[in-house]
Novice: 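I am attaching a structure below and will ask some questions about it afterwards.
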Amino acid sequence: MVLFFVMEGVAVILVGFAALFLSFEPVWSAERLQSAFLKPGDARAGSLLLKIDEGYADASRLGVDVDLTVSGPTVRARVTQIFRNPSKDWVEAIYVYPLPAGGAVDSLKMVIGDRVVVGDIKERQQAKAIYEQAKQSGHKAALTEQERPNLFTNSVANIGPGETVLVQIEYQEPVAQSGDEFSLRVPMVVAPRYNPAPVVQSVDFKPDGGWGSAKSDPVPDRDRISPEVLDPATNAPVNPTRITVRLQAGFPLGEVRSHHHTIKTEKPDASTSIIRLAEGPVPADRDFELTWKPAAEKAPSVGLFREHVGNSDYLLAFVTPPSVEQAQQKPMPREVIFVIDNSGSMGGVSIIQAKASLTYALGRLQPNDRFNVIRFDHTMDVLFPSAVPADKEHLGQATSFVGALQANGGTEMVPAMRAALSDNSGDAGYVRQVVFLTDGAIGNEQQLFETISALRGRSRVFMVGIGSAPNTYLMTRAAELGRGTFTHIGAVEQVEERMRGLFAKLENPAVTNLTAKFSDATVDITPVAIPDVYRDEPLVLAAKLDKLAGTVEIKGRIGDRHWTVTLPLANAAEGKGLSKLWARRKIADAEVARTTRQASPEDADKAILALALEHQLVTRLTSLVAVDKTPSRPQGEPLKVSELPINLPAGWDFEKVFGERPRIPATPVERRADTEEARVQVAALKRVQPVVTQAPNTVTLPKTATNAELKMIAGVILLTFSLILLVFNRRQMSRC
């Protein structure tokens with residue numbers, strides 16, 4: 001009997017002591033309070049990270065919602081960005097995001113609780129001053145600024161601890177068309193840009209006998225276009241994005257296709273299709289591309305749409321010239337200069353796509369053509385001293401040269417473009433074409449535009465965008481200045497189809513000498529100088545008219561034939577947002593005139609500012625600002641600046657862009673501008689703090705804050721219960 005009591009007592013005591021080592025959730029401890037702060041590798045898939053002093057905070061699981069409505073020739077987009085501040089501090093959130101290069105951004109709303117604050121268009125400096133004043137005085141404020149036509153920055157001030165702020169912008173853009181295929185593209189990630197180092201010159205001040213220095217920076221805003229990029233090897237994807245497209249094409253639909261995302265389609269009625277991402281929100285690491293074709297075998301070749309705003313009518317015309325074969329002469333032989341980007345940003349699948357595209361292009365050359373190949377990173381090689389015949393021997397050398405290329409180094413695009421445009425032979429018997437394959441990941445776009453404008457001569461520049469997130473602004477503007485076209489290849493599977501379409505343009509006559517004449521209306525048309533169009537491309541005209549009357553007659557030459565089409569304006573259908581598209585294209589015209597020196601910088605800026613203020617658009621010179629009149633941040637509370645990181649574009653190789661990952665925690669050092677790694681994103685590297693990963697042999701010291709309090713309480717409870725049970729059992733046995 002005594003032995004039984006002893007054994008029972010020992011067992012109960014052991015159970016009580018064991019409770020001291022058990023974990024209970026939730027725990028009450030200092031460590032639990034720290035759990036809102038994460039290491040980058042701890043983030044859940046699709047989370048948005050906010051950089052703070054303690055590390056990173058999981059800022060939002062809601063991310064971005066993109067809602068697009070296609071109405072015939074135009075797209076109206078609403079982009080909603082939701083920001084939640086989980087930290088204990090008041091913060092200012094700053095984040096960089098992409099939009100279509102041809103989009104006209106005209107609306108900003110900020111939602112705080114049940115309050116909606118609508119933004120106003122102001123001159124850029126004035127908008128910045130309004131925002132800074134609101135920020136300093138503790139009012140919530142939002143500011144949308146254009147860094148490039150396809151790159152914007154949002155700043156949101158005075159987000160309180162635990163608060164959620166919703167920022168919503170809207171833009172208008174035209175639908176793209178190529179042959180019988182219509183399309184839209186939603187950029188979803190800002191690709192890291194290569195920014196050439198500033199050039200420093202010494203200046204001799206002879207009168208004083210002293211020396212001075214002058215700086216010339218090709219990318220003066222490098223800090224504003226270089227957000228922090230998370231290493232995908234140690235970070236889950238961030239910025240989850242949800243996309244919905246309401247497609248009302250205006251004609252019966254055939255194939256509807258998403259090239260890089262899985263979609264599902266609903267048809268609420270005969271004229272509408274609703275397209276959503278099949279897997280719900282996706283990480284923002286690649287562009288979303290949607291294409292659709294008409295159910296009939298042939299797409300409509302003419303579209304005419306009108307909108308009445310104020311005292312003016314606006315017109316948008318799409319005319320696809322017919323494909324006509326040369327009747328009196330054979331096609332002229334071509335001199336094709338291929339340029340391929342093999343810099344670090346092309347690492348991963350991009351270089352595979354680029355090499356496959358160039359190999360396909362070499363195979364399409366005819367025996368009477370001649371060609372050359374240029375490859376560049378931060379250095380450059382020209383395969384042959386001059387263009388050579390497209391015979392078996394030379395094509396074999398070129399194919400081997402391309403096959404051996406590896407991606408590495410910086411992206412010095414301007415010297416390669418200058419070499420490609422150098423027309424030493426000047427042989428008028430050849431049509432000269434430059435095919436430029438790149439992702440366009442540079443910050444000095446303006447230098448490239450000026451180079452093309454100055455040196456293009458008789459050459460035509462055809463840009464081929466490679467990868468999941470190409471710089472479409474650079475591509476489209478370079479092709480426009482080079483009197484060529486832009487083709488995008490986002491996957492290896494698209495190489496043959498897209499390159500076949502490009503060579504249909506290269507091998508067939510362009511429609512040249514285009515003019516548009518309105519019979520009755522006084523008109524302001526854009527573009528003023530109508531560019532050539534290529535096979536299967538529509539001529540797109542936007543116009544502002546004093547009255548919608550009469551006709552517009554479009555004339556041109558297709559090879560050696562005259563071509564004319566007359567459109568009665570009374571037949572135009574109702575369109576949406578055409579005034580915004582006209583104004584955006586007029587602004588682009590003014591920027592081109594500034595680049596080509598057809599207008600002085602002062603005159604161009606004056607025209608841009610007037611158009612932007614009249615039509616309420618964000619431009620290089622104007623911004624949207626919204627200020628909540630209700631004070632928010634208490635006086636004396638500090639405000640911390642937080643810059644949100646972005647994903648590396650899908651298919652990119654992080655180490656090719658930013659160098660090898662550190663094996664141990666290391667402080668970033670400023671690298672020499674002439675080293676290979678340093679030439680890629682020099683400015684960005686100064687700002688990016690490397691992600692610290694735990695090395696295999698490191699020892700993690702225990703934290704001093706534990707959940708020992710709860711364990712001790714539980715142990716005491718169990719010990720007390722065991723003693724009561726022991727006493728009770730003894731009394732029961734004594735009665736027996």
Side-chain angles (χ1 to χ4, degrees), residues 62-81 99-100 102-107 109 168-188 240-282 284 287-309 314-320 538 540 542 571-582 584:
L62 299 176
V64 181
D65 184 270
V66 182
D67 189 272
L68 305 113
T69 300
V70 178
S71 302
T74 62
V75 181
R76 183 69 181 178
R78 183 173 65 244
V79 180
T80 304
Q81 299 162 327
L99 289 177
V105 179
D106 60 3
S107 173
K109 294 176 184 175
Q168 187 178 88
I169 63 166
E170 296 186 17
Y171 65 86
Q172 192 87 13
E173 69 164 334
V175 167
Q177 181 185 357
S178 179
D180 65 347
E181 186 176 82
F182 299 80
S183 65
L184 63 83
R185 175 180 294 276
V186 180
M188 291 172 61
T241 302
R242 189 186 305 272
I243 298 176
T244 303
V245 181
R246 290 170 177 81
L247 179 56
Q248 297 175 321
F251 49 77
L253 284 174
E255 180 188 37
V256 178
R257 184 179 172 193
S258 169
H259 293 266
H260 311 301
H261 298 83
T262 306
I263 58 173
K264 58 183 179 182
T265 303
E266 304 171 12
K267 288 191 69 68
D269 56 63
S271 61
T272 305
S273 294
I274 298 179
I275 295 99
R276 293 185 174 91
L277 297 174
E279 300 174 359
V282 296
D287 291 356
F288 173 80
E289 182 184 14
L290 187 74
T291 61
W292 59 95
K293 295 181 179 180
E297 292 184 2
K298 200 169 185 181
S301 60
V302 176
L304 196 61
F305 304 88
R306 69 175 186 270
E307 181 186 42
H308 186 80
V309 178
Y314 294 87
L315 194 74
L316 187 65
F318 294 78
V319 182
T320 303
V540 183
N571 291 352
E574 286 292 333
K576 296 180 180 179
L578 306 189
S579 63
K580 304 284 188 183
L581 297 182
W582 173 83
R584 184 66 185 178

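By convention here, the first residue in the shown sequence is residue 1.
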Novice: Can you find a pair of side-chain heavy atoms, one from Pro100 and one from Pro187, that are under 4.5 Å apart?
Specialist: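 Sidechains of Pro187 and Pro100: in contact.
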
Novice: Specify the closest pair of heavy atoms between His261 and Leu277, including all atoms of both residues, with the distance to one decimal.
Specialist: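 Minimum heavy-atom contact is CB-CD2, 3.8 Å.
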
Novice: Taking the side chain as everything from C-beta on, heavy atoms only, tell me whether Leu290 gets closer than 4.5 Å to Ile263.
Specialist: yes

Novice: Spell out, as yes or no, whether a donor-acceptor pair under 3.5 Å connects the side chain of Glu173 to the backbone of Leu184.
Specialist: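 Side chain of Glu173 to backbone of Leu184: no pair is present.
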
Novice: For the residue pair Arg584 and Gly102, what are the closest heavy atoms and their distance?
Specialist: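 Minimum heavy-atom separation between Arg584 and Gly102: CG-O, 3.9 Å.
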
Novice: Distance-only, no hydrogens or angles: does the Gln177 side chain make a donor-acceptor pair with backbone N or O of Gly179 under 3.5 Å?
Specialist: yes

Novice: Can you confirm whether Phe288 sits close enough to Val282 that some side-chain heavy atom of one is under 4.5 Å from a side-chain heavy atom of the other?
Specialist: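 Answer no - side chains too far apart.
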
Novice: From Ser183 OG over to Trp292 CH2, what is the distance, rounded to the nearest 0.5 angstrom?
Specialist: 6.5 Å

Novice: Indicate yes or no: at least one non-hydrogen side-chain atom of His259 is less than 4.5 angstrom from one of Thr291.
Specialist: yes

Novice: To the nearest 0.5 Å, how far apart are CZ in Arg78 and CD in Glu170?
Specialist: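 The CD atom of Glu170 is 6.0 Å from CZ of Arg78, to the nearest 0.5 Å.
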
Novice: Where is the tightest heavy-atom contact between Pro268 and Glu266, given as atom of each residue plus distance?
Specialist: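 Closest pair (atom of Pro268, atom of Glu266, distance): CD-O, 3.6 Å.
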
Novice: Please step through side chain to side chain contact (heavy atoms under 4.5 Å, CB included) for the pair Ser258 and Ile275, ending with a clear verdict.
Specialist: CA-CA 9 Å; Ser258 169; Ile275 295 99; over 6 Å; no

Novice: Grab the two heavy atoms, one from Thr74 and one from Val175, that are nearest each other, plus how far apart they are.
Specialist: N-CG2, 3.9 Å

Novice: Compare every heavy atom of Arg76 with every heavy atom of Ser107, then report the nearest pair and how far apart it is.
Specialist: CB-NH2, 4.4 Å

Novice: Under the side chain to side chain contact (heavy atoms under 4.5 Å, CB included) criterion, do Ile169 and Leu99 qualify, and how do the steps go?
Specialist: CA-CA 11 Å; Ile169 63 166; Leu99 289 177; 3.7 Å; yes

Novice: Is the closest side-chain heavy-atom distance between Met188 and Ile243 below 4.5 Å?
Specialist: yes

Novice: Just by distance, do the side chain of Glu307 and the backbone of Leu578 share a donor-acceptor pair under 3.5 Å?
Specialist: yes

Novice: Run the salt-bridge test on Arg246 and Asp67 with the 4.0 Å N-O cut-off and return the result as yes or no.
Specialist: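 Here Arg246 pairs with Asp67 in a salt bridge, since their nearest N and O are under 4.0 Å apart.
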
Novice: Between Val79 and Tyr171, does the side chain to side chain contact (heavy atoms under 4.5 Å, CB included) criterion hold? Intermediate values first, please.
Specialist: CA-CA 8 Å; Val79 180; Tyr171 65 86; 3.9 Å; yes

Novice: Examine Phe182 together with Phe251 and report whether their ring centres are nearer than 6.0 Å.
Specialist: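 So the answer is yes for these two rings.
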
